[in-house]
Amino acid sequence: MHAGRDGLLAAGILGVACLVLHLDFISCEPQPIYGTVNMSVTLYTSGSIPIKEIMWKKKKDKVVEWDEELLKPRAYPPFVDRVHLDITSGNLTIFNLTSSDEEDYEVELSSVTDTKFTLYVIEPLPFPTLNCTFTAENITVRCRIPETYSSHVNLIKYSWNCFSEQCQNSTNSSEVSIKRESDLSQEIECIISNPLSKQASSLVLATCVPDNSRHSFVIIAAVLFVVILAMFVLLYRRDFLKRGGERDRTEKEAINDRNSDPSSRLHTTP
């Protein structure tokens, strides 16, 4: 019993704590590996022993195998034409990743279990959406991920980029509050990230607060329009009345001219 305990030795494989249980077997905690949907990922072995045969497994199912008697590695469904096995190092590359590839993997090199992995396959990150509310004192900006995105949201971290100390002091928070008396012309940016990528969106703080001057401008413009329209109607009416008066005077003058012309008068015979 004590001899068995004394036979447990600590070893490091790719930075993962491993325990050597027997001379021909190495047990490791699975190493997390991340891959993006439709992209490729490589699982690396320790390469600590001479390689005469290689066997990669997904859980208990074979992925690909090779030994000195095989001319080339043999892949198994659904990995046919989707994997590349380096027979020198034992490294495995998987192409065109799908969510169904997500699982625990392990490799046996010359019948010795070398390294174990847990593969996580993640959808590309979307751009976050920013929205804000305001009170008399503060502006609260919230960073949201589209509801349609559900790929390992537990791995997503938040960070903020802005001039305010509140942004700098916010640790992995999806929202921040900023004093309303701050410079509203400044831009605030939310960055979301996972182990593979990051995306960012931003807004100008002024868009979070109603623009009273804009409303005033609309009201003033409406009043000016009414005043100008009234003046136009008034001027048009005055011009119309003026032209009407001049026409009446012209007609009266024409009648008076005819009446004063002797040749236009009618003479009666006594």
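Everything numeric in this text was worked out from a predicted model, so none of it was measured.
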Fill in: Spacing of OG belonging to S174 relative to CZ belonging to R142, to within rounding of 0.5 Å
9.0 Å

Worksheet item: Under a 4.5 Å cut-off applied to non-hydrogen side-chain atoms, are I54 and V107 in contact?
Response: yes

Item to complete: Would you check, one step at a time, whether the test side-chain contact (heavy atoms from CB on, under 4.5 Å) holds for T88 with I51?
Response: CA-CA 7 Å; T88 301; I51 299 175; over 6 Å; no

Worksheet item: Among the clusters formed by ILVMFWY side chains lying less than 4.5 Å apart, do I87 and Y105 turn up in the same one?
Response: yes

Worksheet item: Any donor-acceptor pair under 3.5 Å linking the side chain of D67 with the backbone of E69?
Response: yes

Discussion item. Test your reading of the model: is there a side-chain donor-acceptor pair from R82 to the backbone of F95, 3.5 Å cut-off?
Written reply: yes

Practice prompt. Please examine the side chains of K57 and M55, heavy atoms only from C-beta on, and report whether any two atoms are closer than 4.5 Å.
Written response: yes

Worksheet item: In Å and rounded to the nearest 0.5 Å, what is the CD to OG1 distance from E108 to T45?
Response: 13.0 Å

Worksheet entry | For the student: nearest non-hydrogen atoms of P124 and T36, plus distance | CG-CG2, 4.0 Å

Practice prompt. Is it possible for you to say whether L119 and V83 belong to one hydrophobic cluster, with membership spreading through side-chain heavy-atom contacts below 4.5 Å?
Written response: yes

Worksheet item: Under 6.0 Å from the CG atom of D81, do we count more than 12 heavy atoms belonging to anything else shown?
Response: no

Fill in: Approximate separation, where rounding is to 0.5 Å, of S100 OG and K58 NZ
5.5 Å

Practice prompt. Quick one: closest heavy-atom pair of L97 and G35, and the distance?
Written response: CD1-CA, 3.7 Å

Worksheet item: Roughly how far apart are K198 NZ and S159 OG, rounded to 0.5 Å?
Response: 6.5 Å

Practice prompt. Measure the shortest side-chain to side-chain distance between I94 and F79 over non-hydrogen atoms and say whether it is less than 4.5 angstrom.
Written response: yes

Worksheet entry | Distance-minimising heavy-atom pair for G90 and W56 | O-NE1, 2.9 Å

Item to complete: For the residue pair L184 and I139, establish whether any side-chain heavy-atom pair is separated by less than 4.5 Å.
Response: yes

Discussion item. Under 4.0 Å between a side-chain nitrogen and a carboxylate oxygen: does that hold for R74 and E65?
Written reply: yes

Item to complete: Quick one: closest heavy-atom pair of Q186 and F163, and the distance?
Response: CB-CE2, 3.1 Å

Fill in: Euclidean distance, E123 CD relative to N194 CG, rounded to 0.5 Å
11.0 Å

Worksheet item: Would a distance-only check, ignoring hydrogens and angles, find a side-chain to backbone donor-acceptor pair under 3.5 Å from R180 to F134?
Response: no

Discussion item. Please give me the minimum heavy-atom distance between F127 and A200, naming the atom from each residue.
Written reply: CD2-O, 3.4 Å

Worksheet item: What distance separates E189 CD from C143 SG, expressed to the nearest 0.5 Å?
Response: 10.0 Å

Item to complete: Any chance you could pull the hydrophobic cluster mates of Y34, using side-chain heavy atoms under 4.5 angstrom and chaining through other members?
Response: Y120, I122, L125, I145, Y149, V153, L155, I156, Y158, I192, L196

Discussion item. For a 4.5 angstrom cut-off between non-hydrogen side-chain atoms, does I33 reach Y44?
Written reply: no

Worksheet item: Would T42 and D86 satisfy side-chain contact (heavy atoms from CB on, under 4.5 Å), going step by step from the backbone distance to the final call?
Response: CA-CA 10 Å; T42 298; D86 186 330; over 6 Å; no

Item to complete: Report yes if some heavy atom in the side chain of Q199 is under 4.5 Å from a heavy atom in the side chain of P126; otherwise report no.
Response: no

Practice prompt. Report yes if some heavy atom in the side chain of W160 is under 4.5 Å from a heavy atom in the side chain of C190; otherwise report no.
Written response: yes

Response to the item:
Exactly one candidate in T93, N91, V63, L92 meets side chain to side chain contact (heavy atoms under 4.5 Å, CB included) with L43; the answer is L92

Worksheet item: Heavy atoms, side chains only, cut-off 4.5 Å: are V141 and E175 in contact?
Response: no

Item to complete: Looking only at non-hydrogen atoms, find the nearest pair between K52 and W66 and report the distance.
Response: O-CZ3, 3.5 Å

Worksheet item: Checking side-chain contact (heavy atoms from CB on, under 4.5 Å) for the pair T98/V121: CA distance, chi angles, key distance, verdict?
Response: CA-CA 7 Å; T98 67; V121 182; over 6 Å; no

